[in-house]
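Below is one structure, written out as structure tokens, with a few remarks after it.
Quantities reported herein were computed from a predicted structural model and do not represent experimental measurements. Lettering of chains follows the sequences in order, A, B, ..., and the numbering in each one begins at 1.
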Number of protein chains: 2
Amino acid sequence: MSTSPKKHDVFQAIADPTRREILKLLAGRELAVTELAERFPISRTAVSKHLLILDEAGLVQSRKTGREKRYTLQAEPLSELEQWLSYFEQFWQNKMLRLKHLAEKKEN
Amino acid sequence: MSTSPKKHDVFQAIADPTRREILKLLAGRELAVTELAERFPISRTAVSKHLLILDEAGLVQSRKTGREKRYTLQAEPLSELEQWLSYFEQFWQNKMLRLKHLAEKKEN
DNA sequence: AGTATATACAACCAATTGGTTTCATGTCAA
DNA sequence: TTGACATGAAACCAATTGGTTGTATATACT
């Protein structure tokens, strides 16, 4: 464990549309591999591989219950993306709108 | 133009570390292909290919001046990423709140 | 005990990716 | 005009990716 050099980072993990959809499905609820696979036109094995990649990036957590392995979203690593993005925020035009939006969000 | 099905989207475009670095280099200043390539251990051609992919994703703009082609950042498409991210923000912020709660509980 | 279910693991495959080298073309500077 | 420079384009290559099928193993159901 620990210092194993992660083969996949967050940027790679979210590059694939299927994986992005998996993340959405796992947001909030916990799903087993089969339950997830039912929602896609690809095989369970393929979904399993996507889950492995998401796991390497730290974006999902799994828990074995009986013969099932149930996955949930682990959103924190996305903060790296957010941080990366924040550098570029100043360079696009809706900057003002965006800041306003954020300010309003913070007020609540 | 117009309805050409873009072969690369923003998510794919930023998946590669070299391309992310190119974007940083192009933030603010305008650089020609060769000037960019000098900053990387790979060939000019390779950098050119990365620029093509960034261009397909709409993340750079180019302008021909004489024999040079000069590129600049076009950050606006990153808003798609930001929008995508914003959906997940609640999930790590909630967790942080929860952890804070737990921490406070422990203190008592 | 015997069968069905959930997952893992391995081998394989075609397409894509990130890189290279070579050659062609356009442009600037003497 | 000749040579140097900047880029584009094509052919090629190894590694990775996203997918498959088949087999094995652990767990649950009756």
Side-chain angles (χ1 to χ4, degrees), chain A residues 1 4-26 29-74, chain B residues 1 4-26 29-74:
Chain A
M1 268 221 65
S4 61
K6 270 188 288 183
K7 210 165 45 177
H8 292 97
D9 63 20
V10 181
F11 292 93
Q12 290 169 257
I14 65 156
D16 182 87
T18 301
R19 286 196 291 272
R20 288 199 299 278
E21 188 139 358
I22 289 177
L23 290 181
K24 283 232 162 153
L25 286 169
L26 291 179
R29 61 179 166 293
E30 191 190 45
L31 291 173
V33 185
T34 307
E35 292 171 317
L36 268 170
E38 281 165 3
R39 271 116 166 151
F40 294 94
I42 59 178
S43 72
R44 185 197 47 81
T45 310
V47 171
S48 238
K49 284 189 183 177
H50 283 307
L51 286 168
L52 184 71
I53 289 168
L54 290 170
D55 187 55
E56 280 174 0
L59 286 168
V60 294
Q61 255 184 338
S62 63
R63 160 176 89 91
K64 261 203 74 180
T65 69
R67 56 185 161 180
E68 287 187 326
K69 194 166 179 185
R70 322 209 94 235
Y71 284 85
T72 43
L73 174 69
Q74 239 279 317
Chain B
M1 267 218 61
S4 61
K6 269 188 288 184
K7 211 164 46 180
H8 291 97
D9 62 21
V10 180
F11 292 93
Q12 289 170 257
I14 66 157
D16 183 87
T18 301
R19 286 196 291 271
R20 289 199 297 278
E21 188 138 358
I22 290 178
L23 290 181
K24 284 232 164 152
L25 286 169
L26 291 180
R29 62 177 166 292
E30 193 190 44
L31 290 172
V33 184
T34 307
E35 292 171 317
L36 268 169
E38 280 166 3
R39 272 118 166 148
F40 294 94
I42 60 178
S43 72
R44 183 199 45 85
T45 310
V47 171
S48 237
K49 283 189 184 178
H50 282 308
L51 285 168
L52 183 72
I53 289 168
L54 290 171
D55 188 54
E56 281 176 357
L59 286 168
V60 294
Q61 256 182 340
S62 64
R63 163 175 88 91
K64 262 203 74 180
T65 69
R67 54 185 163 183
E68 288 188 326
K69 194 166 180 185
R70 324 208 94 234
Y71 284 85
T72 42
L73 175 70
Q74 238 282 315

Pairwise side-chain contact, [X] with [Y], heavy-atom cut-off 4.5 Å (strictly under):
X	Y	answer
A:Ile53	A:Asp16	no
A:Val60	A:Leu23	yes
B:Leu26	B:Leu54	no

*Check salt bridge (charged side-chain N to carboxylate O under 4.0 Å, His left out) between A:Arg63 and all other residues, then give those that pass, not counting sequence neighbours.*
A:Glu30

*Under the side chain to side chain donor-acceptor pair (under 3.5 Å) rule, what pairs show up with a residue in residues 45-54 of chain A, not counting sequence neighbours?*
A:Arg19-A:His50

Atom-pair distance ([atom1] on [X]; [atom2] on [N]), nearest Å:
X	N	atom1	atom2	value
B:Arg63	D:dA6	CZ	C1'	15 Å
B:Leu52	C:dT17	CG	C1'	13 Å
B:Leu54	C:dT17	CG	C1'	14 Å
B:Leu36	D:dT7	CG	C1'	13 Å
B:Ile14	C:dT17	CD1	P	15 Å

*Please check the phosphate of D:dT17 (OP1 and OP2 only) for any side-chain N or O of A:His50 closer than 4.0 Å.*
no

Could you list the protein-to-nucleotides 14-16 of chain C atom pairs, N/O on both sides, closer than 3.5 Å?
none

*From C:dG18, D:dG18, D:dT20, nucleotide with atom closest to A:Ser43 side chain*: D:dT20

_Closest to side chain of B:Arg19, choosing from C:dT27, C:dG18, D:dG18_ = C:dG18

*asked:* Nearest heavy atom decides the nucleotide; on that basis, is A:Thr65 or A:Ile42 closer to the 5' end of DNA chain D?
replied: A:Ile42

*Please tell me which of A:Val47 and A:Lys64 maps to the more 5' nucleotide of DNA chain D, matching each residue to the nucleotide holding its nearest heavy atom.*
A:Val47

*Rounding to 10 degrees, work out the angle separating the end axes of the helix from C:dA1-D:dT30 to C:dA30-D:dT1 (five pairs an end).*
20°

_Just to verify, what does A:Glu35 make a side-chain contact (heavy atoms from CB on, under 4.5 Å) with, not counting sequence neighbours?_
A:Leu31, A:Ala32, A:Arg39, A:Arg70

*For B:Ala37, which residues count as a side-chain contact (heavy atoms from CB on, under 4.5 Å) partner, sequence neighbours excluded?*
B:Arg44, B:Val47

What does the list of N/O pairs under 3.5 Å between the protein and nucleotides 2-8 of chain C look like, with a distance for each?
{"residue": "C:dT5", "atom": "O4'", "partner": "A:Arg67", "partner atom": "NH1", "Å": "3.1"}
{"residue": "C:dT5", "atom": "O2", "partner": "A:Arg67", "partner atom": "NH1", "Å": "3.2"}
{"residue": "C:dT7", "atom": "OP1", "partner": "A:Val33", "partner atom": "N", "Å": "3.2"}
{"residue": "C:dT7", "atom": "OP1", "partner": "A:Lys69", "partner atom": "N", "Å": "3.1"}
{"residue": "C:dT7", "atom": "OP1", "partner": "A:Lys69", "partner atom": "O", "Å": "3.3"}
{"residue": "C:dT7", "atom": "OP2", "partner": "A:Thr34", "partner atom": "N", "Å": "2.8"}
{"residue": "C:dT7", "atom": "OP2", "partner": "A:Thr34", "partner atom": "OG1", "Å": "2.2"}
{"residue": "C:dA8", "atom": "OP1", "partner": "A:Lys69", "partner atom": "NZ", "Å": "3.0"}
{"residue": "C:dA8", "atom": "OP2", "partner": "A:Ser48", "partner atom": "OG", "Å": "3.1"}
{"residue": "C:dA8", "atom": "N7", "partner": "A:Arg44", "partner atom": "NH2", "Å": "3.4"}

*Less than 3.5 Å between a donor and an acceptor, one on the side chain of A:Lys49 and one on the base of D:dT20, is that the case here?*
yes

